[in-house]
Asker: 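For reference, the structure I am asking about is given below.
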Amino acid sequence: MSSSSQSFLLDPEKPTGAMRYSHARVVQPSTHHTIYVSGIAAVSPDGTYEGVIEHADGTFTADVRQQTAAVLRRIESIIKGASNGKANLYNIVDATVYILDMKTQYAGMNEEWNKIWSDRASAPSRATIGVRELPDPRFMVEIKVIAIFEA
């Protein structure tokens with residue numbers, strides 16, 4: 001993370017188990033750019049859905065871990081492209097995660113999230129919201145982020 005952003009934790013000494021997100025990110029006044037990334041789901045530009053298996057009878061099965069990993073890869077590509085390669089996932093300061101079922105999908109989404117951010121100090125602030133539906137029935141997760149990088 002660039003020197004223009006630092007993590008704030010209410011009790012940095014207290015372990016939080018599997019949760020890896022900062023309570024807040026503080027952005028110091030500096031010359032920086034902000035990237036606001038729209039909600040991204042696991043659909044490729046060619047129309048294929050990562051983390052989804054389509055069955056011959058028209059039904060499908062989906063995997064929240066695979067979809068979360070795909071969404072994070074897609075977000076990283078967007079951030080790299082928007083910043084001309086100057087930023088990546090570690091420049092994210094805030095994220096909103098939308099999932100369909102907190103009971104069955106939160107742990108899998110969080111497991112993939114924690115593969116990227118190994119500790120709370122490097123992780124963005126985050127809200128995870130359970131929603132009734134997403135724009136396509138094959139989507140299990142959608143993520144919206146804000147990233148900053150030095151100009």
Side-chain angles (χ1 to χ4, degrees), residues 1-2 5-12 14-25 27 33-149:
M1 185 86 234
S2 69
S5 175
Q6 67 184 33
S7 176
F8 172 78
L9 305 171
L10 284 175
D11 187 353
K14 186 175 182 178
T16 61
M19 295 186 299
R20 295 209 182 106
Y21 58 89
S22 296
H23 292 119
R25 301 285 317 176
V27 178
H33 296 288
T34 304
I35 303 170
Y36 299 89
V37 180
S38 298
I40 302 298
V43 61
S44 300
D46 67 3
T48 59
Y49 295 84
E50 288 190 62
V52 176
I53 298 171
E54 304 271 351
H55 304 289
D57 65 359
T59 63
F60 62 89
T61 54
D63 182 282
V64 73
R65 286 174 181 83
Q66 291 176 6
Q67 285 198 8
T68 301
V71 169
L72 291 171
R73 284 192 304 273
R74 209 157 269 107
I75 288 172
E76 183 161 48
S77 294
I78 291 166
I79 291 171
K80 284 181 176 179
S83 68
N84 292 317
K86 295 180 183 177
N88 58 38
L89 290 176
Y90 300 101
N91 293 84
I92 296 172
V93 295
D94 186 53
T96 305
V97 179
Y98 303 95
I99 59 176
L100 293 177
D101 187 340
M102 289 289 220
K103 284 185 179 181
T104 64
Q105 297 170 353
Y106 180 85
M109 176 281 300
N110 204 49
E111 183 179 301
E112 290 302 317
W113 181 273
N114 289 345
K115 288 179 181 178
I116 305 297
W117 291 281
S118 60
D119 59 61
R120 292 185 304 150
S122 66
S125 62
R126 182 183 86 189
T128 303
I129 302 167
V131 296
R132 196 175 83 175
E133 63 184 330
L134 290 168
D136 186 291
R138 291 168 282 207
F139 297 161
M140 298 178 84
V141 62
E142 183 175 313
I143 303 174
K144 177 179 176 30
V145 304
I146 300 171
I148 61 166
F149 68 99

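Just the heavy atoms: all of them, side chains too, but no hydrogens, waters or symmetry mates, feed the values below. Remember, it's a predicted structure, so these values are computed and weren't measured experimentally.
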Asker: Would you say the side-chain atoms of Y90 pair up with the backbone N or O of I116, donor to acceptor, closer than 3.5 Å?
Answerer: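 Yes; judged by distance alone, with no hydrogens or angles, the pair exists.
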
Asker: Which heavy-atom pair separates P124 from W113 by the least distance, and what is that distance?
Answerer: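 In terms of heavy atoms, the two residues are closest at CG-CZ2, 3.6 Å.
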
Asker: So, using side chain to side chain contact (heavy atoms under 4.5 Å, CB included) as the criterion, who are the partners of S44 when residues are at least two apart?
Answerer: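 Scan of S44 (side chain to side chain contact (heavy atoms under 4.5 Å, CB included), adjacent residues dropped) gives D46, T48, E50, R74.
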
Asker: Apply side-chain contact (heavy atoms from CB on, under 4.5 Å) to Y98 and T128, showing your working.
Answerer: CA-CA 6 Å; Y98 303 95; T128 303; over 6 Å; no

Asker: So, do I99 and D101 sit near enough that their side-chain heavy atoms are less than 4.5 Å apart?
Answerer: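 A side-chain contact under 4.5 Å is absent here.
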
Asker: Mind checking whether I79 and I92 have side chains closer than 4.5 Å, heavy atoms only?
Answerer: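 Yes, at least one pair of side-chain atoms sits under 4.5 Å.
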
Asker: So do the side chains of T61 and V52 get within less than 4.5 Å of each other, counting heavy atoms only?
Answerer: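 No. Closest side-chain heavy atoms not under 4.5 Å.
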
Asker: So if I apply the side chain to side chain contact (heavy atoms under 4.5 Å, CB included) rule between Q105 and each of L100, T68, D63, which one comes out positive?
Answerer: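 Considering L100, T68, D63, a side chain to side chain contact (heavy atoms under 4.5 Å, CB included) with Q105 is found only for L100.
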
Asker: Would I146 and I35 satisfy side-chain contact (heavy atoms from CB on, under 4.5 Å), going step by step from the backbone distance to the final call?
Answerer: CA-CA 6 Å; I146 300 171; I35 303 170; over 6 Å; no

Asker: So, does N91 use its side chain to make a donor-acceptor pair with the main chain of N88 at under 3.5 Å?
Answerer: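 Yes; judged by distance alone, with no hydrogens or angles, the pair exists.
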
Asker: For the side chain of S118 and the backbone of N114, is there at least one donor-acceptor N/O pair under 3.5 Å apart?
Answerer: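 Pair absent, no side-chain N/O of S118 close to backbone of N114.
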
Asker: Identify, with sequence neighbours excluded, every residue that meets salt bridge (Lys or Arg N to Asp or Glu O under 4.0 Å) alongside R138.
Answerer: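 R138 satisfies salt bridge (Lys or Arg N to Asp or Glu O under 4.0 Å) with E54, D136 only.
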
Asker: Working note: I40 + I143, criterion side-chain contact (heavy atoms from CB on, under 4.5 Å); need CA distance, chi angles, decisive distance, verdict.
Answerer: CA-CA 5 Å; I40 302 298; I143 303 174; 5.7 Å; no

Asker: With rounding to the nearest 0.5 Å, note down the distance linking CZ in F139 to CD in Q67.
Answerer: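 Reported value, rounded in 0.5 Å steps: 7.5 Å.
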
Asker: Quick check: closest heavy atoms across F60 and P137, and the distance to 0.1 Å?
Answerer: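 Of all heavy-atom pairs spanning F60 and P137, the closest is CZ-O, 3.2 Å.
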
Asker: Measuring from atom CD of E142 to atom CD1 of I129, what distance do you get when rounded to the nearest 0.5 angstrom?
Answerer: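 If I round to the nearest 0.5 Å, the distance is 10.5 Å.
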
Asker: Does any part of the side chain of V71, heavy atoms only, come nearer than 4.5 Å to the side chain of R73, both counted from C-beta?
Answerer: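 No - every pair of side-chain heavy atoms lies 4.5 Å or more apart.
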
Asker: So, do Y36 and V145 sit near enough that their side-chain heavy atoms are less than 4.5 Å apart?
Answerer: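 A side-chain contact is absent here, since even the closest heavy-atom pair is not under 4.5 Å.
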
Asker: Quick test of your reading of the model: are K115 and E112 salt-bridged, counting only N-O distances below 4.0 Å?
Answerer: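 Yes, this pair counts.
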
Asker: Could you tell me which non-hydrogen atom of S122 sits nearest to which non-hydrogen atom of W117, and how far apart they are?
Answerer: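 Taking every non-hydrogen atom into account, O-CD1, 3.2 Å.
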
Asker: Show the numbers, then the answer: is there a side-chain contact (heavy atoms from CB on, under 4.5 Å) between D94 and R126?
Answerer: CA-CA 6 Å; D94 186 53; R126 182 183 86 189; over 6 Å; no

Asker: Taking atom types as modelled, find out whether N110 and R65 have a side-chain donor-acceptor pair closer than 3.5 angstrom.
Answerer: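 The answer is no; no qualifying pair exists.
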
Asker: Is there side-chain contact between V93 and I148, with at least one heavy-atom pair below 4.5 Å?
Answerer: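 In short, these two side chains touch, coming nearer than 4.5 Å.
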
